[in-house]
Amino acid sequence: METTTQSEAEHDGHNDDHGHGHAEQSFFTKYIFSTDHKVIGIQYGVGSLVFLLVGFILIMGMRWQMAKPNTPVPVLGPILEKVYAHEIALDGQGKTVPIFKDGKITASGYNQFGAMHGTIMVFLAIVPLGFAAFGNYVVPLQIGAPDMCFPRVNMASFWAFFAGCIVMTVSFFIPGGAAQAGWTSYSPLASVIPTDGQTYWLVGMMLLITSSLLGAVNFIATIIQLRAPGMTWFRMPFFVWAQFVTAFLLLLAFPPLEAAGIMQLMDRVCDTSFFLPSGVFASGTEPMNVSGGGSPLLWQHLFWFLGHPEVYVLILPAIGIVTEIVSNNTRRPIWGYRLMVGSLLVLGFLSFIVWAHHMYLTGMSSKVATFFQTTTMIISIPSVILLTCLFMSLWRGSIRFNTPSMFALAFLPMFGIGGLTGLPLGFNFTDLHLHDSYYVIAHFHYVVAPGSIFALFAGIYYWFPKMTGRRMSEYWGKVHFWGSLIFMNIIFMPMFIQGFAGMSRRMSDGGATYSMINNPDVTSGALTDQVMSLNSLITMGAFGMGLVQIVFIVNFFWSIRNGEKTNSDNPWKATTLEWQTPTPPPHGNFLEQPKTYHGPYEYSNPDVDNGKDFLAQNDPHKSMSEEQKEAEA
């Protein structure tokens, strides 16, 4: 299939074929307030990549504080001090302390960076990149739809996301700075902490949740209603299934957290007590003057009812991307496709009945703990099935080691490490010791950093030619891959050791100051020189990781204008429908309504005689087995 330009597509009467009858659009209606799913996907993608960088910069500041306590941050330290020159954080005793002093990150600054790093990475970066950006751009193309089911709702979803991003960003520059109560915003701390940044956090979260709910409804309606003729449920690419289940997770899990956010906001600004019990001491010896009667545990239940499905919101689109790339680059059908779809559905259901394994330390009864231990162990089964099917798909495959496939292949063992290290946290008797330690950080980040983020990088390299008509540099892509893989493991593997030693995840020096004040003779466990020195190694890995991402940023923007042009609409020789459109796809996507004849992964089928090693979904050629079945019928 030769490359078809957008102008050629329009010349062929594309717009009339789809009956849209659009007049010439202005720059603002075409690229800013667009209802085209592809433009909205790119808007989400650019925005989430920007915040991925912001979240990474925050953690680099935190890592410097861990490795070099009371040492000015190089380069950025003086800048941050000037930015925050008039910003203060109350210390709880009626006094004020600077967030940055002499170029150093104080404990309050560390708390702000920690809270906002987690929030930005999860809600402003990885989820919108995996679900909204790739989902918006790719899903309608893969199912043969001209656009999303509700284009204006799609635009409203993006602008709610954009407003949430603005609110979160502005919170850094208000008096007192951004939120400091962690990305989980636990009450009563989050309800009484004396900074307006926490209020901004709640408003921003409600905007982001609204955005996700609008997007989730749109994806579900689009996948159900707008599939091309012949696109039956089990002819859908696995990426579409992943987005479908993810949309249901968002639709069912986010409303409780939005309600909880409104209640916590009322606790902060209207003196209600939804999450404030009687006798809360914010500071001093006098209890707070609140009506009381609220339950801090209620917030935890509502948060983690979203929080654990959110883990699968982070990972399911990533698995969908990896599946597309693995099948294409092994030139083999996915082993156990239907088994993977079933596992996906089971995973989505079980994710709603495991949330309390984050709350073993709250004093739940042994019977309740046993229930959540059991469901946590069961939910690992569909995850193992998904990984096993992907590993089996590699067997005897003709693997092409290009940049997308290398990121996708690295995802498999990295996600496996993240999953296996989560099992001890699923048992309450081991979680009691590992909870809130660096072990938890290592486990979670192996799932979402060399896990989800590697898959997202794979997706960028894979679909970049379809979006731009050009390829990203293979050489610099592989430099980016190997550097990221090495530095990711330098960062997170030592954290398992620190976690086993008992290092606290929430203190700006790993708990050293707290421990030494309470018991100056303690020199074992997390406070040994060997364990503390790992912070320097981890910080060097973080800065190395940052340098490697510069390679990606330069490669990305350089390739948009100067990358090697693709000589085909289907440069990867793929089977799914997004590769059967002009490059880049025009408004309405297809020159004519596509019809689907085959499953999504017809690679290397010996029964097919079309001169290729793949059979596109819209290719009317039939395999010998299909012809035989028709003859018998």
Side-chain angles (χ1 to χ4, degrees), residues 1-47 128 132-159 161-162 214-215 217-219 221-229 231 237 239-240 243 459-460 463-470 560-561 565-566 568-571 574 576-596 616-618:
M1 183 178 183
E2 297 300 321
T3 303
T4 308
T5 64
Q6 182 167 339
S7 59
E8 291 170 344
E10 291 172 351
H11 179 72
D12 288 339
H14 155 75
N15 286 335
D16 293 335
D17 288 346
H18 288 282
H20 294 299
H22 291 286
E24 185 67 26
Q25 294 178 304
S26 68
F27 175 84
F28 282 97
T29 56
K30 189 172 183 180
Y31 296 109
I32 307 300
F33 298 102
S34 176
T35 57
D36 189 314
H37 72 97
K38 298 179 294 297
V39 175
I40 293 172
I42 292 172
Q43 288 174 327
Y44 267 116
V46 172
F134 282 113
N136 264 293
Y137 199 100
V138 177
V139 165
L141 295 172
Q142 286 196 330
I143 64 173
D147 207 317
M148 296 289 281
C149 200
F150 306 114
R152 288 183 176 84
V153 172
N154 204 20
M155 180 181 70
S157 172
F158 170 74
W159 284 105
F161 166 75
F162 184 80
L214 292 173
V217 170
N218 213 351
F219 274 103
T222 299
I223 293 170
I224 292 175
Q225 294 290 342
L226 295 187
R227 301 194 309 279
M231 181 64 74
F239 178 73
V240 178
Q243 294 290 109
I460 291 171
W463 279 300
F464 189 88
K466 176 53 63 176
M467 296 178 184
T468 66
R470 297 178 183 270
I560 290 174
R561 292 284 185 183
K565 289 186 178 181
T566 59
S568 167
D569 290 330
N570 190 2
T576 46
L577 292 181
E578 78 269 28
W579 300 105
Q580 320 309 321
T581 67
T583 302
H587 190 74
N589 298 335
F590 297 90
L591 304 184
E592 59 184 25
Q593 173 69 64
K595 185 175 181 180
T596 306
Q617 286 193 280
N618 64 338

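Fair warning: this is a prediction, and the values are worked out from it, not measured in the lab.
Residue pairs meeting the ring pair (Phe, Tyr, Trp, His ring centres under 6.0 Å) criterion with at least one member in residues 133-152, sequence neighbours excluded: Phe134-Trp463.
Scanning for side-chain contact (heavy atoms from CB on, under 4.5 Å) contacts around Ala574 gives Asn328, Tyr462, Asn570, Trp579, Tyr603, with sequence neighbours left out. Applying the side-chain contact (heavy atoms from CB on, under 4.5 Å) rule to Ser157 yields the partners Tyr44, Ser211, Leu214; only residues at least two apart in sequence or on another chain are considered. Asn154 is linked by a side-chain hydrogen bond (donor to acceptor under 3.5 Å, both in side chains) to Asn136, counting only residues two or more places apart in sequence or in another chain. Thr596 is linked by a side-chain contact (heavy atoms from CB on, under 4.5 Å) to Ala228, Met231, Arg235, Leu577, Gln617, counting only residues two or more places apart in sequence or in another chain. Lys565 is linked by a side-chain contact (heavy atoms from CB on, under 4.5 Å) to Arg470, counting only residues two or more places apart in sequence or in another chain.
Within the 3.5 Å criterion, the main-chain N or O of Pro585 finds no donor-acceptor partner in the side chain of Lys466. In this structure a side-chain-to-backbone donor-acceptor pair under 3.5 Å is missing from Asp147 to Gly588. Not a single donor-acceptor pair under 3.5 Å links the side chain of Gln243 to the backbone N or O of Val139. When atom types are taken as modelled, the side chain of Thr222 and the backbone of Cys149 share a donor-acceptor pair closer than 3.5 angstrom.
In this structure, the separation between CE on Met148 and CZ on Phe219 is 4.0 Å, given to the nearest 0.5 Å. For the atom pair CD of Gln43 and CE of Met155, the computed distance is 9.5 Å after rounding to the nearest 0.5 Å. The structure places CG of Asp36 at 7.0 Å from CG of Asn589, a figure rounded to the nearest 0.5 Å.
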One pair to check against side chain to side chain donor-acceptor pair (under 3.5 Å): Asp569 and Thr583. What are the steps and the verdict?
CA-CA 6 Å; Asp569 290 330; Thr583 302; 2.9 Å; yes

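Here the shortest heavy-atom pairing between Leu141 and Thr581 reads CD2-CG2, 4.1 Å. Considering every non-hydrogen atom in both Gly135 and Pro140, the closest pair reads O-CD, 3.6 Å. Of all heavy-atom pairs spanning Pro584 and Met467, the tightest one is CB-O, 3.4 Å. Here the closest heavy-atom approach between residue Gln580 and residue Asn618 is recorded as CG-OD1, 3.4 Å.
Looking at heavy atoms from C-beta onward, Phe239 lies out of side-chain contact with Thr576 at the 4.5 angstrom threshold. Between Phe590 and Pro146 there is no side-chain heavy-atom pair separated by less than 4.5 Å. Side-chain atoms of Pro229 and Gln593, non-hydrogen and from C-beta on, do get closer than 4.5 Å to each other.
Ring geometry, Phe162 versus Trp159: the interplanar angle exceeds 60°, so the pair is classed perpendicular (tilted spans 30 to 60°).
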